[in-house]
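Right, one structure below, let's go through it.
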Amino acid sequence: MDHLVSLCCWPACEDDEVQATDTLPLISPRDFPAYNYQSIAADEFRVLVLHPARNFNDDIVVHLQTRKRPDDKFYEAISYSWGTEEQTEPVLVQDEEFATLHLHDQTIATRLLRYYQVRNQANATLHVRSNVTTLLRYLRYKWLPRYLWLDALCINQGDVLEKGQQVNQMGDIYRKSGRTLIWLGSSKTFPRPLSALEDAVRERKAKFWRGDDQSKFGEHGDQVETQLEETLSQSLDFRHILALPWFQRRWVIQEVALSPRPRVVFGHDTMSFEDMTYFIDQLGIRRNKQRNHPRVADSLHMLESLTSLQRRNSFRGSSLFTQVKHDLFLRYYHHHPKTNGPADFIQILVSMYAAQCSDDRDRIYALNSLGGRPTTVDYHDTTDEVYIRFAVEESTYSLETLYCCGAFPSQTLPSWVPDWRSTRQWVPIKSFEGRSPSHQLLSENPRRPNLPPHRPIVIESRIMVVNAIPYTFVATRGPQLCDTWHTQPWRSIEQLHRFFVRIEESTSSCTRAHSLDQLVKTLTAGGVQDGTNLETWLRSADQADGFQEVQSGATITCCDAYDVSFCAYPRNHLNVLNILQRIERVMEGRCAFVTKRGDWGVGPASMLSGDHIVALPGCQYPLVLRPSAPGVSLRANLISTQI
């Protein structure tokens, strides 16, 4: 049945308003009894057989097939937005034994005739959300059945045990499917938005290369290309695509990342996932300029991460052809992973924290198949029990979950357990060493086991006993970035410099050049070691204007100081913007502080004077502990890491 998978996604009828002409059944579908699922084994799964229909609005008739895993790739998996409305739309379901007897093990001609003959033989219904019935009508063929995997119908959502077993196998279901169909929805306002997206990019590119534009490109290449991208994004606003619910859904991450051939379907419009991400990238919609459109910014981040994860899984294998193809993509595509090994699961959780799901347990379960050591899916456990169990399992492998505790705080969980449903307070330092969270998914060095021979922690019940080495404690807490950071970043940097220097002068002498080097090293978490030319930027009269030009204008990338130190004022090199953006990421949710020993650092904004800073074997960065009660030094709450 492989030929069924390769067919195009033609609907039953192009006109949504066409009414059904077949004789309606005497009994309304809503009067049928609810369908009773037959129990299946842990190594089995159901495939939805969507019956053909001549008219778009004909009743949806299906039956379910139970299949063994593994099977050949004869079905298509669906990735879609779950929705929040009530399940009121009926789907007619035929008995599996009846369908097997009359529709299977027959010749193709006989089956085509019998699918229409037995349409009125359905004896049960399943009620689903309206978005499910809409996508089934668009994906339905006129003359042939279609084999799909759709979680709303293929999983008995009322059976907690089966749901856990099927979610455990969802990675294999999508990985072994013929392809994944990404359903974005349907819209009469934008009937064919994907085609319009492609046409807009191609037309603007063609106009750009015609006439005298080529000579301009050679003279001012970066500036002309920037103007082209701005023209594209302003002339045709395709941000409505990025604002669709699918881009905010957490389950789609593993569904696309593990799919061999993801294809986007928007009503009657189809396009490969690779092409859609390429054309959206060509629009030049910059994430850092979408502060008034947070959903668009999150969607752009989602696309970057999905592209990285999907390519990481697509280039598995050690054959020569795979390696050559990987090297070619690595050279020409910005978001291509440097390795085809598995991505780090903690990095995925941190990077994709904004992706939503209706059940907080699914914040881990929805990404479970992407990790090298998937946790057991059990919906009998509460959300707190799932998070605690996951933290305990991770601590037997690595202590890097401790970096996420303060970033995802909780009022009910132990302080050493990250609460993945809470709002992220800051980016954990381990998650962006030298790059942004989405780019960390491209990391060339995935996380390795780092527990020392003698375990530094012991977990008993909900208490973690740590064998830490006392280092020092917080003497003075400093300021955070000013509210005017995005317009006047130099004012915030100067304020932080005055705080550190004032404390330093009270203990020892320090030259301004040395203090600037130390300041840049601290604010960038060691990413930049040299404060050369920073003095000139801090003392310039038009600091705000210079930064605005760097943000909005063309930037020069060929600079000897690129991402190493500040370039000479007032040249708008890209490294100035890169360093400032890194400072913003490091200082998000953090404040400056000085220890009793005189060390400079940045730590969580919730830290207080008197908090203990300890070193824990297996952790690259120190941890901040706070006594749980005054005068009690043996019990403490884990605040987070410090830099």
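Just so you know, these numbers come straight off a predicted model, no measurement behind them.
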Practice item. Examine Phe390 together with Phe345 and report whether their ring centres are nearer than 6.0 Å. Key: yes
**Study point:** Taking every non-hydrogen atom, the tightest pair across Trp426 and Gly589
**Key:** CE3-O, 3.4 Å
Review point. Would Arg361 and Asp381 pass as an ion pair if we require N to O under 4.0 Å?
Key: no
Point to revise | Student check: side-chain heavy atoms of Glu588 and Val427 closer than 4.5 Å | key: yes
Review point. So do Leu349 and Phe408 actually touch side chain to side chain, heavy atoms under 4.5 Å?
Key: no
Exercise for review: List the atom of Arg250, the atom of Ala366, and the distance in Å for their closest heavy-atom pair.
Suggested key: CG-CB, 4.1 Å
Practice item. Give a yes/no verdict on a cation-pi contact between Arg597 and Tyr471, requiring under 6.0 Å between NZ or CZ and the six-membered ring centre and an angle within 45° of the axis. Key: yes
Practice item. Using a strict 4.0 Å threshold on nitrogen-to-oxygen distance, state whether Arg421 and Asp384 make a salt bridge. Key: yes
Exercise for review: Please lay out, stage by stage, how Ser351 and His301 fare under the test side chain to side chain donor-acceptor pair (under 3.5 Å).
Suggested key: CA-CA 9 Å; Ser351 178; His301 171 74; 3.1 Å; yes
Exercise for review: Mark yes or no for whether Arg477, through its side chain, and Ala605, through its backbone, hold a donor-acceptor pair below 3.5 Å.
Suggested key: yes
Point to revise | Pair Thr401-Glu394, side-chain donor/acceptor within less than 3.5 Å | key: no
Check your understanding: side-chain contact (heavy atoms from CB on, under 4.5 Å) between Gln248 and Asp298: does it pass, once the steps are laid out?
Key -> CA-CA 7 Å; Gln248 316 298 323; Asp298 291 341; 4.0 Å; yes
Point to revise | N/O donor-acceptor pair under 3.5 Å between Ser422 side chain and Pro409 backbone | key: yes
Practice item. Kindly indicate whether the side chain of Gln356, heavy atoms from C-beta on, has any atom under 4.5 Å from the side chain of Arg249. Key: no
Review point. How close do Ile388 and Pro414 get, heavy atom to heavy atom, and via which atoms?
Key: CD1-CD, 4.1 Å
Check your understanding: Is any side-chain heavy atom of Met276 closer than 4.5 Å to a side-chain heavy atom of Leu184?
Key -> yes
Check your understanding: What is the minimum heavy-atom distance between Leu580 and Trp485, and which atoms define it?
Key -> O-CZ2, 3.3 Å
**Study point:** Minimum side-chain heavy-atom gap Ile459-Ser395 below 4.5 Å
**Key:** yes
Exercise for review: Please answer whether the main-chain N or O of Thr524 pairs with a side-chain N or O of Arg582 as donor and acceptor at a distance below 3.5 Å.
Suggested key: yes
Check your understanding: Quick one: do the Thr484 and Arg491 side chains pair a donor with an acceptor below 3.5 Å?
Key -> no
Check your understanding: Judged by atom type as modelled, is there a donor-acceptor pair below 3.5 Å linking the side chain of Thr472 to the main-chain atoms of Thr595?
Key -> no
Review point. Would a distance-only check, ignoring hydrogens and angles, find a side-chain to backbone donor-acceptor pair under 3.5 Å from Asn368 to Thr375?
Key: yes
Exercise for review: Give a yes or no on whether the backbone of His514 and the side-chain of Asp517 come within a donor-acceptor separation of less than 3.5 Å.
Suggested key: no
Check your understanding: With distance as the sole test, does Gln425 use its side chain to make a donor-acceptor pair with the main-chain N or O of Thr423 at under 3.5 Å?
Key -> yes
Review point. Taking all atoms of both residues into account, what is the closest heavy-atom pair of Ser606 and Arg626, and its distance?
Key: O-NH2, 2.6 Å
Point to revise | Side-chain donor-acceptor pair present, Tyr365, Asp360, cut-off under 3.5 Å | key: no
Exercise for review: Please tell me if the side chains of Ile364 and Trp420 come closer than 4.5 Å, counting only heavy atoms from C-beta onward.
Suggested key: yes
Check your understanding: How far apart are the C-alpha atoms of Tyr379 and Val167, what are their side-chain angles, what is the distance that settles it, and do they pass the side-chain contact (heavy atoms from CB on, under 4.5 Å) test?
Key -> CA-CA 10 Å; Tyr379 283 98; Val167 171; 3.8 Å; yes
Review point. Got Val256 and Trp251 here, is their nearest side-chain heavy-atom distance under 4.5 Å?
Key: no
Review point. So, does Ser79 use its side chain to make a donor-acceptor pair with the main chain of Ile182 at under 3.5 Å?
Key: no
Exercise for review: Kindly give the heavy-atom pair with the smallest separation between Asn467 and Leu616, and that separation in Å.
Suggested key: O-CD1, 4.0 Å
Review point. Do Ser515 and Trp600 have side-chain heavy atoms sitting under 4.5 Å apart?
Key: yes
